[in-house]
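One structure is given below, encoded as structure tokens.
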There are 2 protein chains.
Amino acid sequence: MKKIAESTVRRLSLYLRYLEEFEKLGHDTISSGQLATSGGTTSAQVRKDLSFFGSFGKRGMGYSTRELTSRIRGILGLERTWRLVIVGAGKIGSALAGHRGFRDRGFEVVGIFDADPHRVGHTLLGVTIADVKSLERDVKRLRPDMAVLAVPPEAAPDVAARLATVGVKAILDFSTAPLHLPADVTVRRMNLALELEILSYALTNR
Amino acid sequence: MKKIAESTVRRLSLYLRYLEEFEKLGHDTISSGQLATSGGTTSAQVRKDLSFFGSFGKRGMGYSTRELTSRIRGILGLERTWRLVIVGAGKIGSALAGHRGFRDRGFEVVGIFDADPHRVGHTLLGVTIADVKSLERDVKRLRPDMAVLAVPPEAAPDVAARLATVGVKAILDFSTAPLHLPADVTVRRMNLALELEILSYALTNR
DNA sequence: TCCTGTGAAATTCTTCACAGCC
DNA sequence: GGCTGTGAAGAATTTCACAGGA
């Protein structure tokens with residue numbers, strides 16, 4: 001497959017949300033223009049994004065909401081359930097673990113780990129917090145596809161490396177520490193302070 | 001000032017973290033190459049990013065960590081404290097509100113709001129949760145610079161609009177709902193499900 | 001020699017504009 | 001008439017490559 005820009009993938013994921021919304025409202029078709037308004041982009045952009053994967057629309061008509069939804073789900077690999085472990089059961093980790101929205105979208109939390117003995121043994125939405133010491137053993141057993149890293153920054157590189165050695169190929173990292181991982185491990189970052197600083201820049205240089 | 005790409009601003013914010021790290025380790029200078037390795041980019045990119053704002057380095061030497069740190073803080077507008085309100089004291093909102101890291105980085109939580117009467121009146125790190133009904137009145141009094149939106153998606157557009165009418169010009173939004181706001185309001189989005197879907201795409205099309 | 005600063009080239013991403021189909 | 005699909009143009013961003021100062 002031709003290489004697709006990350007920005008395109010991100011927009012597809014957004015389109016998917018609006019499509020689901022639209023479908024719920026009972027609309028059978030949607031035009032690139034309508035999708036564009038929801039996603040804050042242009043109709044040409046929407047058509048271009050979709051064109052990388054095929055032609056799903058009907059000229060003069062737009063796209064079948066149902067079909068486009070299913071196509072995008074297929075493109076993004078959302079036709080299956082992904083198994084997820086969360087490492088770090090602090091404020092962020094447990095907020096995530098307790099978030100039902102994941103399972104609904106096909107991401108199942110199969111394990112939670114923490115280094116703090118006070119937390120080990122507690123249960124979040126049916127999953128018992130395990131000691132991070134047994135990470136490797138448990139990960140081998142649980143076979144997660146992805147890991148969410150919500151540990152203190154100083155622990156992040158080590159935990160990430162350990163996850164990689166037992167075969168985890170995708171990590172969502174809430175720290176900012178530089179992780180050096182094999183090239184076949186995909187890492188995405190979420191960092192609140194970073195986003196706030198971008199807002200700070202915008203306010204300062206408006 | 002010339003328009004600077006968002007990607008540049010994001011990288012500056014990352015550089016800042018590594019610089020702080022570096023400074024702590026007692027290094028007086030840092031080269032573009034060293035910053036690049038930490039930030040996952042190239043030395044040319046680092047130099048180009050910095051060159052938009054001036055020339056801070058010494059040829060043959062690199063950059064003074066102390067000076068560069070302070071320059072970037074200046075560029076990003078981090079020489080002051082920013083006042084922040086959090087709307088939505090659910091799992092995510094309260095995890096954020098309880099996160100001491102903000103204050104340390106110059107973002108002070110001055111107000112928290114929720115629609116649930118069971119939550120109103122409780123206190124998080126010294127800030128009492130107020131009823132979202134009094135949002136306008138309280139925001140006028142608290143004069144926040146930014147708002148973090150952690151409400152259910154269906155409530156997001158309304159709350160965002162209300163924040164905008166009382167003068168909030170920067171919003172960090174955890175929902176995916178399309179907000180339509182005046183052009184002078186900067187919005188940044190954080191969406192976990194979206195990031196997980198990008199990982200799903202990466203795993204599916206590796 | 002080492003490393004910055006920066007035009008110029010290369011690449012990537014977005015927008016335009018229109019033929020073609022419903 | 002309305003809207004898609006897509007080459008071609010245009011804009012933005014990254015990389016190259018090298019002159020020049022410490």
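Lettering of chains follows the sequences in order, A, B, ..., and the numbering in each one begins at 1.
- The side-chain heavy atoms of Thr41(A) and Val46(A), taken from C-beta on, include a pair separated by under 4.5 Å.
- Considering only residues two or more places apart in sequence or on other chains, Ser43(B) meets the side-chain hydrogen bond (donor to acceptor under 3.5 Å, both in side chains) condition with Arg47(B).
- Within the nucleic acid shown, Thr8(B) has no heavy atom closer than 4.0 Å to any nucleic acid atom.
- The salt bridge (Lys or Arg N to Asp or Glu O under 4.0 Å) check on Arg11(A) picks up Asp49(A), with sequence neighbours excluded.
- Spacing between atom CD of Gln34(A) and atom C1' of dG2(D) amounts to 12 Å, rounded to whole angstrom units.
- A 4.0 Å heavy-atom criterion places the boundary nucleotides of DNA chain C facing chain A at dC13(C) to dC22(C), written 5' to 3'.
- Qualifying salt bridge (Lys or Arg N to Asp or Glu O under 4.0 Å) partners for Glu67(B), counting only residues two or more places apart in sequence or in other chains: Arg71(B).
- Contacts between residues 10-23 of chain A and DNA chain D, defined by a heavy-atom separation below 4.0 Å, involve no residue at all.
- Here Asp28(A) pairs with nothing under the side-chain hydrogen bond (donor to acceptor under 3.5 Å, both in side chains) rule; sequence neighbours left out.
- One interatomic measurement links the two molecules: NZ of Lys3(B) to P of dA11(D), which rounds to 13 Å at whole-angstrom precision.
- Within the 4.0 Å cut-off from OP1 or OP2 of dT13(D), not a single side-chain nitrogen or oxygen of Gln45(B) is found.
- Contacts between residues 54-68 of chain A and DNA chain D, defined by a heavy-atom separation below 4.0 Å, involve Ser55(A), Phe56(A), Gly57(A), Lys58(A), Arg59(A), Gly60(A), Met61(A), Gly62(A), Tyr63(A), listed by number.
- Residues passing the side-chain hydrogen bond (donor to acceptor under 3.5 Å, both in side chains) test with Ser64(A), sequence neighbours excluded: none.
- Separating the NZ atom of Lys48(A) from the C1' atom of dA11(D) is a distance of 15 Å, rounded to the nearest angstrom.
- Arg66(B) and Ser70(B) share no side-chain donor-acceptor pair at under 3.5 Å.
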Only pairs under 3.5 Å count here: list side-chain donor-acceptor contacts from residues 87-102 of chain A, not counting sequence neighbours, and write none if there are none.
residue	atom	partner	partner atom	Å
Lys91(A)	NZ	Gly98(B)	O	3.1
Ser94(A)	OG	Gly90(A)	O	2.5

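- The side-chain hydrogen bond (donor to acceptor under 3.5 Å, both in side chains) contacts involving residues 169-180 of chain B comprise Lys169(B)-Asp184(B), Asp173(B)-Ser175(B), Asp173(B)-Arg189(B), where partners must be two or more places apart or lie in separate chains.
- The interatomic distance linking Arg47(A) (CZ) with dT4(D) (C1') rounds to 6 Å, in whole Å.
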Compile the donor-acceptor pairs under 3.5 Å between side chains in residues 72-80 of chain A and protein atoms, sequence neighbours left out, one pair per line.
residue	atom	partner	partner atom	Å
Arg73(A)	NH2	Leu78(A)	O	2.8
Arg80(A)	NH2	Asp145(A)	OD1	3.3
Arg80(A)	NH2	Asp145(A)	OD2	3.0

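- With sequence neighbours excluded, the residues forming a side-chain hydrogen bond (donor to acceptor under 3.5 Å, both in side chains) with Arg162(B) are Glu136(B), listed by chain and number.
- At the heavy-atom level, Ser32(B) lies under 4.0 Å from the strands shown only through sugar-phosphate atoms.
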